[in-house]
J.: 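The structure is given below, and queries will be raised subsequently.
Please read all numbers here as calculations on a predicted model, not as lab measurements. Note: hydrogens, waters and symmetry copies are ignored here, and every other heavy atom, side chains too, is used. For ligands, and for the atoms within them, numbers begin at 1 and follow the listed sequence.
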Amino acid sequence: MIRFLTAGESHGKALSTIIEGFPSNIPVKNEYINIHLARRQMGYGRGLRMKIETDKAEILSGIRFQKTLGSPISILIHNKDWENWTEIMTADEKLTEPEKITIPRPGHADLVGVTKYNFDDIRNSIDRSSARETAARVAACSIARRFLEELGITIGSFVESIGGIFPKNNYREELFLNTDTEFNAWELSQKADESQVRVLDITQEEKIIRKIKTAKKKGDTLGGTFYTIASGMPIGLGSFVHYDTKLNAEIAHSIMSINAVKGIEIGTGFESADMFGSQSHDEINIKNGKISRKSNRAGGIEGGMSTGLPLIVRAAMKPIATLMTPINTVDLSIMEETEARRERSDFVAVPACAVIAESMLAWTISSFILKKFGGDSLEETKENFNNYNSKINERLIINFKK
Ligand code: EPS
């Protein structure tokens, strides 16, 4: 059982996370976590806050000489912006009377947040509901990602669309016809990271940047879609026996938990609903003497279990809720209709969202790996993992031989 908690307000002193349940001896360098933290900060269309912060992980426990100890790992990420908010966000006595926020932004956690928690200041819910929290998630999930790399599993992502601008080529078909077991999903991310909006198609990038500029000029925001992919998957993570043992269900849970994500599909997902069964399912064949597939429209999951082919997860992020040209809402202090409050924010965060999804996917896969293979040390997990994988192909042949 692995688990993690994050703590921290967007403009508080720091974010922190405690990660528990990973085996010992996983090599983890501080710089490794920082690389992924920096990737999360990227993307054309981020707001001024990203110019203030350069997120860095401070490891407080659970790692010695760059290897996990098997004990709880705790990581701190300081908020540089804290120095501008010390009086407003202090845990100590209130010495000044900061502005009370009384106008909720539609689409954010503001209105339901203050109603539910019985607050008279929206600041109390803004700061924790902020996507700043995802920096702590990326730090926590870096341990999972590093662990998976040791087993040959890599995770990548790319942005498919922003503001409805999609690539022109048939990238989807390419993804679903890829049954190459040597495919490395991280290479996709490296290519996407070269783009300011993490797309793979340069002409699409130009159009997207133009659209973001238009949105900015209008005081508006945009959302988009992205793919998160895992390669090097073993066969049979997850199970068909219970609703809560299915890998696809847990992936949906972890991706849908990311701020502003409103939709997810695995493989051809929603499109498969419009296909004939004969077009939708992946034919089973024999390649180099081994059982294989002609395609991967299932996105690497059948019956709630990993097929061994790349996991293909697509998700949709809604536009950022804070608008510089606001839509209408109600000022709760005077119960009058008014425009929503302007608050510094991002215009687009889809590229960052894709990096967060990589992290969450790494977490979910790690959790299934450790459930199946166990191990107190990385060596033990690796041995169990390799032993299973080396026998898996022979299993069918032995069991079904007449
Ligand atoms: C966010 C609002 C902005 C974003 C923030 C998410 O923060 P601020 O109010 O400080 O300008 O920059 O994202 C991050 C800080 C981050 O690290 O991703 C929001 O309201 O969700």
J.: Need the ligand 1 atom indices (1-based, order shown) with element for anything under 4.0 Å from a heavy-atom of Met50.
T.: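 Answer, ordered by atom number: 14 (C), 15 (C), 16 (C), 17 (O), 18 (O).
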
J.: Does Thr322 have a non-hydrogen atom less than 4.0 Å from ligand 1?
T.: no

J.: Would Arg146 and Tyr32 count as a cation-pi pair here, with the cationic atom under 6.0 angstrom from the ring centre and within 45° of the axis?
T.: yes

J.: Backbone, side chain, both or neither: what part of Arg40 comes under 4.0 angstrom of ligand 1, heavy atoms only?
T.: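 Just the side chain.
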
J.: Mind listing the closest non-hydrogen atom pair of Arg39 and Ser189 along with its distance?
T.: NH2-OG, 3.2 Å

J.: What do you reckon, does Thr134 have a nitrogen or oxygen under 3.5 Å from a nitrogen or oxygen of ligand 1?
T.: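 No, no N or O pair falls under 3.5 Å.
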
J.: For residues Gln204 and Glu160, report the shortest heavy-atom separation together with the two atoms involved.
T.: NE2-O, 2.6 Å

J.: Stepwise, does the side-chain hydrogen bond (donor to acceptor under 3.5 Å, both in side chains) test hold for Ser377 with Glu379?
T.: CA-CA 5 Å; Ser377 66; Glu379 297 74 23; 3.3 Å; yes

J.: Look at ligand 1 and say whether Ala131 reaches it with a heavy atom at a distance under 4.0 Å.
T.: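 Within the 4.0 Å threshold, so yes.
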
J.: Note the single closest protein heavy atom to atom 20 (O) of ligand 1, along with its residue, its atom name and the distance in Å.
T.: His108 NE2, 3.2 Å

J.: Under a heavy-atom criterion of less than 4.0 Å, does Ala135 contact ligand 1?
T.: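 No, Ala135 has no heavy atoms under 4.0 Å from ligand 1.
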
J.: Could you find the nearest protein heavy atom to atom 15 (C) of ligand 1 and give me its residue, atom name and distance?
T.: Arg132 CD, 3.2 Å

J.: Does Lys67 make a cation-pi contact with Phe22, if we ask for NZ or CZ under 6.0 Å from the ring centre and within 45° of the axis?
T.: no

J.: Checking Arg46 against Asp346 for the salt bridge (charged side-chain N to carboxylate O under 4.0 Å, His left out) test, could you report, in this order, the C-alpha distance in whole Å, the side-chain angles of both residues, the deciding distance, and whether it holds?
T.: CA-CA 4 Å; Arg46 299 301 301 270; Asp346 302 317; 3.3 Å; yes

J.: For atom 4 (C) of ligand 1, which protein heavy atom lies nearest, and how many Å away is it?
T.: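 Going by distance alone, atom 4 (C) of ligand 1 is nearest to Asp346 OD2, 3.6 Å.
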
J.: Side chain, backbone, both or neither: which part of His11 has a heavy atom under 4.0 Å from ligand 1?
T.: side chain

J.: Val261 and Cys353: which non-hydrogen atoms are nearest, and at how many Å?
T.: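 Closest approach of Val261 to Cys353, heavy atoms only: CG2-SG, 3.7 Å.
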
J.: Short list, please: which atoms of ligand 1 are under 4.0 Å from a heavy atom of Ser345?
T.: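 Answer for ligand 1: 2 (C), 3 (C).
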
J.: With heavy atoms of Arg46 as the reference, note each atom of ligand 1 found under 4.0 Å away.
T.: 13 (O), 16 (C), 18 (O)

J.: Could you check atom 9 (O) of ligand 1 against the protein and tell me its nearest heavy-atom contact, residue, atom and distance included?
T.: Arg344 O, 3.2 Å

J.: Considering distance alone, does some N or O of Asp55 sit under 3.5 Å from an N or O of ligand 1?
T.: no

J.: Just to be sure I read this right, does ligand 1 sit under 4.0 Å from the backbone of Arg49, its side chain, both, or neither, counting only heavy atoms?
T.: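 Arg49 to ligand 1: side-chain contact only, backbone stays beyond 4.0 Å.
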
J.: Measure the CG-CD distance between Asp110 and Glu343 for me, rounded to the nearest 0.5 Å.
T.: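 So the CG of Asp110 and the CD of Glu343 are separated by 8.0 Å.
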
J.: Let's go through Arg198 and Val355 carefully: what are the C-alpha distance in whole Å and the side-chain angles of both, what is the deciding distance for side-chain contact (heavy atoms from CB on, under 4.5 Å) to 0.1 Å, and is it a yes or a no?
T.: CA-CA 10 Å; Arg198 305 201 68 245; Val355 174; 3.8 Å; yes

J.: Just checking, is any N or O donor in the side chain of Thr17 or Thr6 under 3.5 Å from an acceptor N or O on the other one?
T.: no

J.: Can you name the atoms of ligand 1, numbered from 1 with element, that are less than 4.0 Å from a heavy atom of Ser130?
T.: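 Counting from 1, the qualifying ligand atoms are 1 (C), 5 (C), 6 (C), 19 (C), 21 (O).
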
